[in-house]
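What follows is a short report on a single structure.
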Amino acid sequence: MAEYNRVSECVGLITLRNPPVNALSAAVRQGIVDTVQRALSDPNVKSVVICGQNGIFCGGADIKEFGSNMTGPPLIPMIHAIESANKPVVAAIEGSALGGGLELALGCHYRIAHSKARLGLPEVSLGLLPAAGGSQLLPRLIGVPAALNLITTGRHVTAAEALQLGIVDQVTDHNTVDAAVKFALSVAGRSLDPRRISTHPCPQQPDLDAFFEEVMQKVRQSARGAIAPIACVQAVRAAATLPYAQGMERERELMATLFTSGQARALQYCFFAERAVGRWRMPSGARWDTSKPRPVHKAAVIGLGTMGRGITVALAQTGLSVIAVETQEKQLMEAKQAISAMLERGAKRRGVAPALDGVIYSQNIQAVADVDLVIEAVFEDIALKTKVFQQLSAVCKPGTLLCTNTSALDVDQLASETPNPELVVGMHFFAPAHVMKLLEVVYGPRSSPQAVATAMQLGKKMGKASVAVGNCRGFVGNRMLKPYIEEAFFLLEEGATPELVDQALEEFGFPMGVFRMSDLSGLDVGWRVRKGDGLVEPGTASGRSARIRQGRRYSPLGDLLCEEGRFGQKTGRGWYQYDKPGSRVARSDPWLHSFLGAYRAQHGLVARRIDHQEVLERCLYALINEGFHILDDGIAAGPEDIDVIYVSGYGWPRHRGGPMFYANMVGLAKVLERLEHYQQLHPEVPHLQPSSLLRRLVASGSPPIHKWGEAIKKLHSQL
Ligand code: 3H9
């Protein structure tokens, strides 16, 4: 699907047509081959322009085709044919030129971009490398260091940066196709030899071996087990050291390895899952495409602690006008300073003016009377939140949406305290709220579809991965985290150390293991929750019975550390020791090891050798098992919702797709078998009891993850 027209008498204009992003499907590739051939063989045509319809050049290879047998003409010969053409070919880049789209443009002799266009080689984020010559052409065009930066991070650059780097030849604020046609006319008849990038030598890089060694070390460290960034470095190294044809061969070999890897499948799954969660649906049948969001022009945030400040920044950065309310004058002043500084830093990074005037500060809740939406972010205390909601119901104009930022409290209970429960939803942000990508939008049975649609749309505007979930204790993310953390505690009781557990999880790909994470977020947070649940018992009772609470195995290890004042990084001691309170470098703590020894002795526990595999199986399968319960309960609409939550908010390594995708990769029967094994060994741990959905899925032949939705529906209808 490429349309051909002759314009300005002697320019052949090829328009890629494959909405929404003009991806290079088999039909588009065939269309390009045919139309280029037509333009080159038409004696009246002196030059050629390639553009994309609907203001977007091309989003790259069609990712949907990756799962099937590839048909149609391959990209590389097509791009080579363009480069070796004897008439100038100009790419007119509007919107995006990404991946194969940019590679197509690099095959052209000139590139003209609109000032709002973005360019990049994001293949690495799909577990691949730019394998239609991108890894060989870009270093030849812009030099090895700049090409490495783009290819190993996949970042998109603006047209201005592309011009500076030398990726494009001209940037225009006007009609890009008109500018490209004018340009194409101006270069008709000129020698094209200097414009064929594949014939350029790669710019020399001094001390090549040392340079690549250093780059590889850095990339390996930040990749945390992902293989594509490493292959990207290897491909660019080939560009720097080999002739073009041999470099292309190396690119092909590396791509062949990546293409069939589980990591590429996981990353491509993540790409589609992130888009699928936008098509939310509720058990009531309400859906994204039949629920119209309300317009939100003005919003308010109540409570300017850490969360409220971050939420204010996130809202203001979308261009909304925000009323920020904090009743204590001193806190209000401090918050104002902190928010202004965050807005200034963010604006500097994005090269825009800070939205300082977009925020109005007030001590008085009456100031929110005319806003369209309020996000309450006061302390996590149901009585306090209830009071605030009652005040808001009295103050706000009719129809104002009332959102609560909570990580665990009951959204339905809060809704029931207001005269209009249909206007209430939860918005669970993650700290720091202006940085973290995840937002759980929590609906109760009475939340209106319009309220959910509005919160979801606002989340998208804030650049969040917004996932609609049902209301239950801990929602999705924290509910699944509980068994994961509990298993880690049990492993310490049985003989593991925090170092061993963390190392296993970090090698799996988490940025931090459970104990380093707990030190960072503060051990007192969980302690407060467990106290609220009546689980914390004072005293030094010993033996097995002291570790059974509310009828199930319980480890008081975290409570005991808190009793010692070890709250983690902020107190300089936790599961690790730190040089001083607030310092971030965790060091192994001999005190902790002897404490664990004494604890085991007191409780009659004999330490045994625990390996990484057991750590992974117990922590991860317990978490995954809870995910199956969540699906069975209808709290998450599908496995993609859970996976997006874990990848965007809980550090689950993206190249492993998310917990449910990982279970699918490992094999549901294997997960079930290991859970049954551990459950037999630890019968007093209910979260190791395999979920009935997992059992039913295995019994029905372990359908692949994209078929779970159907299978769950069928299984439910059989119940
Ligand atoms: C590649 O090129 C490999 C080559 O180097 C070598 C090969 C040999 N294919 O994101 P949006 C769909 S790898 C198929 O919501 P936006 C997307 O799923 C490719 N479908 O819009 C969604 O569908 P739905 C390298 C694609 O405006 C719809 O388009 N390229 C593709 O926010 C709208 O997407 C990339 O990695 C595709 N390539 O953002 C670029 N791209 O409506 C990936 C999008 O059914 N794409 N779709 O959910 C993007 O980054 C963004 O989509 C883009 C537009 C910035 C283009």
Side-chain angles (χ1 to χ4, degrees), residues 20 269-296 314 318 372-373 375 401-407 411-412 415 421-430 433 436-472 474-480 627-650 652 657-661 693 705-713 716:
Y269 164 83
C270 284
F271 176 85
F272 289 114
E274 277 161 359
R275 281 145 186 89
V277 297
R279 296 187 282 271
W280 55 271
R281 55 193 194 277
M282 290 159 67
S284 63
R287 300 161 47 102
W288 66 285
D289 50 352
T290 50
S291 312
K292 199 163 173 263
R294 277 163 180 261
V296 176
T318 67
D372 306 302
L373 177 144
I375 302 177
L401 294 184
L402 303 183
C403 310
T404 175
N405 171 59
T406 173
S407 57
V411 175
D412 293 345
E422 73 281 5
L423 297 174
V424 176
V425 287
M427 285 180 98
H428 179 202
F429 288 86
F430 291 74
M436 289 292 287
K437 273 233 27 103
L438 177 63
L439 174 70
E440 284 182 321
V441 170
V442 185
Y443 56 79
R446 283 180 292 178
S447 306
S448 71
Q450 198 182 35
V452 176
T454 309
M456 287 293 284
Q457 193 189 51
L458 185 61
K460 191 170 176 196
K461 244 178 143 178
M462 287 187 277
K464 306 284 178 207
S466 310
V467 186
V469 300
N471 181 38
C472 66
F475 315 132
V476 170
N478 286 349
R479 176 169 158 184
M480 289 168 69
F628 281 110
H629 283 300
I630 283 171
L631 287 177
D632 214 6
D633 297 348
I635 294 294
E640 296 87 356
D641 300 79
I642 295 177
D643 287 334
V644 169
I645 287 173
Y646 260 81
V647 168
S648 341
Y650 289 84
W652 186 282
M660 308 320 281
F661 182 86
L693 176 60
I705 193 161
H706 63 274
K707 298 230 164 111
W708 286 7
E710 273 164 52
I712 293 169
K713 245 190 261 162
H716 277 169

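These values consider heavy atoms only, across backbone and side chains, with no hydrogens, waters or symmetry-generated copies. No experiment lies behind these values; they were computed from the predicted model shown.
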(request) Indicate the ring-plane relationship of Phe628 and Trp708, choosing parallel, tilted or perpendicular according to the 30° and 60° boundaries. (result)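 The arrangement is tilted - the two ring planes meet at 30° to 60°.
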Are side-chain heavy atoms of [X] and [Y] found at a separation under 4.5 Å?
{"X": "Val476", "Y": "Asp641", "answer": "no"}
{"X": "Tyr650", "Y": "Asn478", "answer": "yes"}
{"X": "Leu401", "Y": "Val425", "answer": "no"}
{"X": "Ile635", "Y": "Arg479", "answer": "yes"}
{"X": "Pro659", "Y": "Ile642", "answer": "yes"}
{"X": "Met660", "Y": "Leu631", "answer": "yes"}
{"X": "Phe430", "Y": "Lys437", "answer": "no"}
{"X": "Glu422", "Y": "Arg446", "answer": "no"}

Least distance between heavy atoms, [X] atom then [Y] atom:
{"X": "Val644", "Y": "Ala465", "result": "CG1-CB, 4.0 Å"}
{"X": "Ala453", "Y": "Ser291", "result": "CB-O, 3.7 Å"}
{"X": "Leu439", "Y": "Gly459", "result": "CD2-CA, 3.7 Å"}

(request) Report yes or no: is the cationic atom of Arg275 (NZ for Lys, CZ for Arg) under 6.0 Å from the centre of the six-membered ring of Phe271, at an angle within 45° of the ring normal? (result) yes
How many angstroms lie between [atom1] in [X] and [atom2] in [Y], if you round to the nearest 0.5 Å?
{"X": "Phe475", "Y": "Thr406", "atom1": "CZ", "atom2": "OG1", "answer": "5.0 Å"}
{"X": "Met462", "Y": "Gln457", "atom1": "CE", "atom2": "CD", "answer": "11.0 Å"}
{"X": "Ser466", "Y": "Met456", "atom1": "OG", "atom2": "CE", "answer": "5.5 Å"}
{"X": "Cys403", "Y": "Phe429", "atom1": "SG", "atom2": "CZ", "answer": "8.0 Å"}
{"X": "Trp280", "Y": "Tyr443", "atom1": "CH2", "atom2": "OH", "answer": "9.0 Å"}
{"X": "Met427", "Y": "Ile375", "atom1": "CE", "atom2": "CD1", "answer": "4.5 Å"}

(request) Output yes when a side-chain donor or acceptor of Ser448 lies under 3.5 Å from a complementary backbone atom of Leu423, and no otherwise. (result) no
(request) Could I get the full list of side chain to side chain donor-acceptor pair (under 3.5 Å) partners for Asp412, not counting sequence neighbours? (result) Asn471
(request) Name all residues meeting the side chain to side chain donor-acceptor pair (under 3.5 Å) criterion together with Glu440; count only those two or more places apart in sequence or in a different chain, and write none if there are none. (result)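 Per chain and number, Glu440 pairs via side chain to side chain donor-acceptor pair (under 3.5 Å) with His428.
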(message) Out of the candidates Leu458, Thr454, Val452, only one should pair with Pro293 under the side chain to side chain contact (heavy atoms under 4.5 Å, CB included) rule; please name it.
(response) Thr454
